[in-house]
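For this chain, numbers begin at 1 and follow the sequence in order. One-based numbering, in listed order, for ligands and for the atoms of each. The structure displayed is predicted, hence computed values, not measured ones.
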Amino acid sequence: MATYLDLANLLFPDVTKTIDDLEKEYPLRNLPEGAQVTRFAPSPTGFLHTGSLFTAFIAYTYAKQSQGVYMFRLEDTDTKRTIAGSADELIDQLAEFGIIADEGYFPDGDKGAYGPYQQSVRADIYKVVIKHLIAEGKAYPDFCSAEDLQKIRDFQEANKILPGYYGPYARDRKLTVDEQIEKIKAGTPWVIRYKSMGDHDKKIKFKDAIRGELELADNDVDIVIMKSDGLPTYHFAHVVDDHFMRTTVVTRGEEWIPSTPIHIQLFRDLGWKGPKYAHLPVIMKLDHGNKRKLSKRKDPEAAVSYFLKAGYPPKGLLVYLMSIANSNFEEWTIANKSLDVSKFTFAFKKMSLDGALFDEGKLNYFCKEVLAATPKEELLKAVKEWAEKNSPSLLKKMNDDLEYFSKILNIEKDRPNPRKDYAKYGDIEPATWFFYDDEFEKHPELPFNEKYDKAFLKEFMSEVADKMLYGAGESEWWNSVKEVAAAKGFAIANKDYKANPDAYKGNISDAAEIIRIAITGQKDSPNLHEVIEILGKERVMKRLKNAI
Ligand code: GLU
């Protein structure tokens, strides 16, 4: 009678390594006490989803704050779904956020001693473990064809039995080793299944770093661990990779919670201490009052590229993501006057359990704060890099006169409370159009207050143009404006105007509004004195004189 070992040798004649060899090849890491090893493990099946950026960011942060290791592992065993080029794109986009792996798959080659970090080239490692499981009678070949499996499903459905390949419905689990060997020798195609000893009626408990203790029905399904193409399924690859890469915490989407009993069972049967799990909440969106997952199809903000194209500063997006990760983070930013996420101590325990809600207002708020706090040179560089990729018109303005652009960009920046006009680089042009004559000349009708007749406005603006001071400090300039306004019948003190409105043309703020409209084409603008100084005397005079 043939043994499990005979079966294992027949299936994997070329596999000579043992699990012990692998243990030596990938030894326990020599890291300081408390250092965590995390990984981000995407499948190269498309664009970088906002939820994936969140997952990667948490894994990165948790490793970094503990002086640990953050890895990037490419989970490309589902070859049918792999999209060429998407792995490199994921890596490039993560790099824009500074999320660069200490170890992992990189387009120009792996980095790190625990690789390969690309599952499709780890087949030899998986086979060692599979051969071991078969030799121990814990895994077996399954010869079911697609039709055979369909028959099992149909039977289960007709009899209202829980679907799946388990217990009495795991057809080939019952074959003897001799029967298995015979089928293999006859060339019958096979996959390898795990022989589950679990009992669906029993519960299995495990601790989730975010959710605390979870209790789920144990797994009794004989899941496929190796497909007919020789590659493993997710469940098996996760267990083997995170064991030999010595991952300490698995941070992954909450959609994996129901599969965790399978993983725990595999770790246990292999005699391995599993990692900690932290199942991250999904990012949700409020849609007509209902919460739903961010959808690839419906929501542009589901793709990280949307934010990068629009010009959201990556740092701002990370600050925002940290605010949804830990509710005490916002308080921390205020108390510490810091927006540096790397200085904040992230904790799984402080994560909200319900789906994190995507809030554009909040994102804009944090991005404005970040841009306002970015030093001038750094900001200018970032805007330029963005414009090079995304905005020919903005780039032209920068190339034509960088000094002029830089002054515009930095209006009211050197103040304790700087202006916060922009949430993203894409907001700059719509907010600064009036600085550019060709755009200013196309302005719609100027919104002057109708209580002033044109002749008066023309006269007033002409006098302002001639008499106000250029190149002076703000208070001198303002005094010169007040002088002209007073001479033209505006009240300089608001209380005088209030006491006797009919005696005046208006108050000084009405006068300033007229000047502002003539110069900027709109009622709101940044500090008028700064605007005038940037535009320069010639342009300002021309605008004031030609306004009517
Ligand atoms: N490749 C899996 C996914 O993209 C990874 C899950 C995990 O991190 O283990 O969902």
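In this structure, the side-chain contact (heavy atoms from CB on, under 4.5 Å) partners of Leu90, at least two apart in sequence or on a different chain, are Pro42, Leu48. A search for salt bridge (Lys or Arg N to Asp or Glu O under 4.0 Å) contacts involving Glu23 returns Arg246, not counting sequence neighbours. With sequence neighbours excluded, the residues that form a side-chain hydrogen bond (donor to acceptor under 3.5 Å, both in side chains) with Arg292 are Asp287, Asp299.
Below 30°, between 30° and 60°, or above 60°: for Phe47 and His49 the angle between ring planes is below 30°, a parallel geometry. Classified by interplanar angle (parallel below 30°, tilted 30° to 60°, perpendicular above 60°), the ring pair Phe348/Tyr62 is tilted.
Cation-pi geometry between Arg73 and Tyr105 is not met at under 6.0 angstrom from the ring centre and within 45 degrees of the axis.
Within 4.0 Å of ligand 1, counting heavy atoms only, the contacting residues are Arg39, Ala41, Ser43, Glu75, Tyr234, Arg252, Trp256.
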